[in-house]
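Notes for the one structure printed next.
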There are 2 protein chains.
Amino acid sequence: MTTGMNTEYLKTFREIARLGSFSEVAREMGISQPAVSFQVQKLEQELGIRLIDRSQKTITLTKAGERLLRFAEAMEGEREKLRGDLEQMREDISGDLLIGASTIPGEYLLPKMLAVFKQRHPAVKIQADISDSVTVINRVRDNTYEVGFCGIPPEGKDLAFFKIAGDEIIPIVAPGHPFANRDEVSPEELEGEALIFREATSGTQRSLESLLGRVGIDIKKWAPQLVLGSTRSVIAAVSAGAGIGFVSSLAIKGSGVKSARIKGLRLTRDFYCVYRQERVVSRLLEAFIDFIKTYEKSHL
Amino acid sequence: MTTGMNTEYLKTFREIARLGSFSEVAREMGISQPAVSFQVQKLEQELGIRLIDRSQKTITLTKAGERLLRFAEAMEGEREKLRGDLEQMREDISGDLLIGASTIPGEYLLPKMLAVFKQRHPAVKIQADISDSVTVINRVRDNTYEVGFCGIPPEGKDLAFFKIAGDEIIPIVAPGHPFANRDEVSPEELEGEALIFREATSGTQRSLESLLGRVGIDIKKWAPQLVLGSTRSVIAAVSAGAGIGFVSSLAIKGSGVKSARIKGLRLTRDFYCVYRQERVVSRLLEAFIDFIKTYEKSHL
DNA sequence: CTACCACATAAAACATTCTTATCTTGCATA
DNA sequence: TATGCAAGATAAGAATGTTTTATGTGGTAG
């Protein structure tokens, strides 16, 4: 109903008071000039009184505008104090956290998340071990790790889990490769190419095998050109023009390789956060799980 | 980018603290329960900390929640003070205002507007005279009225004006009349009916005549059954079954008569607010004109 | 157990706010 | 005065945000 006065509008208003120009505020705040006009109009409407006299070349706050400015500044001060206090409360959360993660989540998902968490709770010490999904789940179960991140959901009621991200395994090629500018390639076409696999025990390779197996394709019959020990080495080999690799979509951004799609097929899988089902958890663990759960929502 | 913390969310939060239940707050505030959940989530996201513990049957504020509550209350207090001070400033606008208005604006548009203005500026005394459009304009020009409302735009550069509302002259009949349930009637059909006109000098009658004249219809050839002296009497006569009247669409709501439409024809006109073009105007007049200009925007 | 109550989640409807494009006005310059 | 420029206003459509409706989930009491 009433649109409500929000911190953003008040900030705009303070900037107008400071800079004395709508356009300049717009530039400074990275929004368009009409957006500034709009916000001022909204404030004036909500308060039922003119705040800024813009009939002359130079704009001036009205008396009411001056009053609102004081309010906006008081408000900002309170807001700052609030921020500080909440910061403090977050610092109260401290201790050590031992995490296990499988390769893809550990290398491509966790680093950013842990950095944000660490910034939010500076007093926390985190150690993250990287292994494979099965090991992660076992170590969470036996309480070696307090939390784990893996590519397969755990079984049994002793462990709780939730999905943290979706992923897709996609074929990649060097930019000069014939497939580089094609949206889709057919499974038959792949068979004739120089393929680069991961070792058979890797989670990615196993997912690839089982996902293709579901649609009747047996990749064991495809003779790989190379078998490499990590996602990074596959990407490096592909970049060097050694052939076609299959890697997690999460791993390729910024690597310069080109991705394709297999016709009629999405090789998707999910990653999970796993922890022991218990009534009592440490405040730290609770905060961490909570953070992971809401991470996606609050970071784009 | 950030959605910003607005007064509405904080109000919801205070209500939650007071009532201890999302659902109840939803009922009380006339919104749905998911809307309440949503707002709390937004707050928690923005502040990056859990505010309400809702894992048990009864919900409790966390420490951070308690802190936010104090903030919300301080905020509300400041907001209240601001409201009071602005109120005060509005009261500083005082004096007398003499307004002229033609019939339709004077009877159907102004009453509500003046009531709202009066509430906002209690120290102002307003007198509104009702006459016809031409008189209104003349009296504004000679400074008898400070502002005028009329159905025709003024000529000459000494007067400023702007549109305040659009209107349509439409045929009306009693609910039992053969035209009552028809969307449209043709001009020919009208000619044969018992017609009720206003006197020839009325603004409505003149608009009717000129608007129909433009499409080649000369209503002087239509013999009216009755010629009445006011919009209200036309409506009364129509209600009594005396025939077909032509009145402003603004005048008929709640009167019980049925409106029709003349095929292929919209008899539209606008109403204007008129005042003298001067550099210096009284604060009262400025506030009044400003209010009228923004009235439409801020009241639905 | 089972029913119920309270909060969470999802999808779609709905509303607000922003951007782009264009207009108007005042002022400075020629 | 014309002419151009800079600042703000306005309009229409795009992009976001918020709410609703419908449904899921879990805890608690009977």
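Chain naming here is simple, since letters A, B, ... match the order of the sequence lines and numbering starts at 1 in each.
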Reckon R54(B) has a side-chain N or O less than 4.0 Å from the OP1 or OP2 of dA8(C)? yes
Send over the distance from I16(B) CD1 to dA6(C) P, rounded to a whole Å. 14 Å
Using Watson-Crick or G-U wobble pairs with both distances under 3.5 Å, give me DNA chain C in dot-bracket, 5' to 3', with [ ] for crossers and | for pairs to another strand. ||||||||||||||||||||||||||||||
Nucleotide N/O of nucleotides 2-4 of chain C paired with protein N/O under 3.5 Å:
none

How long is the line joining CG of L43(A) and P of dT17(C), in whole Å? 10 Å
Can you give the donor-acceptor pairs under 3.5 Å from side chains of residues 25-36 of chain B to other protein atoms, not counting sequence neighbours?
residue : atom : partner : partner atom : Å
E28(B)  : OE2  : R18(B)  : NH2          : 2.8
S32(B)  : OG   : A35(B)  : N            : 3.4
Q33(B)  : NE2  : S37(B)  : OG           : 3.1

side-chain hydrogen bond (donor to acceptor under 3.5 Å, both in side chains) partners of R120(B), counting only residues at least two apart: none
For dA7(D), does OP1 or OP2 lie under 4.0 Å from any side-chain N or O of Q56(A)? no
What is the distance from CD of E15(B) to C1' of dC7(C), rounded to the nearest Å? 18 Å
N/O (side chain, K42(A)) to phosphate O (OP1/OP2, dT17(C)) under 4.0 Å: yes
Note: contacts of residues 19-35 of chain B with DNA chain C (heavy atom, under 4.0 Å) are S21(B), F22(B), S23(B), Q33(B), P34(B)
With a 4.0 Å cut-off, would you call D158(A) and R141(A) a salt bridge? yes
Using atom CG of N6(A) as one end and atom C1' of dT16(D) as the other, report the distance to the nearest whole Å. 13 Å
Find out whether I99(B) and L114(B) are in side-chain contact, i.e. whether some heavy atom of one side chain is under 4.5 Å from a heavy atom of the other. yes
Sequence neighbours excluded, which residues qualify as side-chain hydrogen bond (donor to acceptor under 3.5 Å, both in side chains) partners of K63(A)? none
Report the residues that fulfil ring pair (Phe, Tyr, Trp, His ring centres under 6.0 Å) with F22(A), sequence neighbours left out, ordered by chain and then residue number. none
Mapping S55(A) and F38(A) to their closest nucleotides on DNA chain C, which lands nearer the 5' end? F38(A)
Does a side-chain N or O of S37(B) approach OP1 or OP2 of dA8(C) to a distance below 4.0 Å, or not? yes
In whole angstroms, how far is the C1' atom of dT17(C) from the CD atom of Q41(A)? 12 Å
For T62(A) and D53(A), does a side-chain donor sit closer than 3.5 Å to a side-chain acceptor? no
Going by the rule side-chain hydrogen bond (donor to acceptor under 3.5 Å, both in side chains), which residues pair with E168(A) if we only count those two or more places apart in sequence or in a different chain? R266(A)
With sequence neighbours excluded, tell me which residues meet side-chain hydrogen bond (donor to acceptor under 3.5 Å, both in side chains) with R139(A). none
Could you give the CD-to-P distance, from E8(A) to dG17(D), as a whole number of Å? 11 Å
For residues 68-78 of chain B, pull every pair meeting side chain to side chain donor-acceptor pair (under 3.5 Å), keeping only residues two or more places apart or in separate chains. R14(B)-E76(B), E78(B)-K81(B)
Take the protein atom NZ of K293(B) and the nucleotide atom P of dG8(D), then report the distance between them rounded to whole Å. 18 Å
Calculate the interatomic distance between E46(A) atom CD and dT17(C) atom C1'; express it in whole Å. 15 Å
Tell me which pairs pass ring-ring contact (aromatic ring centres under 6.0 Å, His included) where either residue lies in residues 145-169 of chain B, with sequence neighbours left out. F161(B)-Y272(B)
In chain order, what residues pass the ring pair (Phe, Tyr, Trp, His ring centres under 6.0 Å) check against Y275(B), with sequence neighbours excluded? none
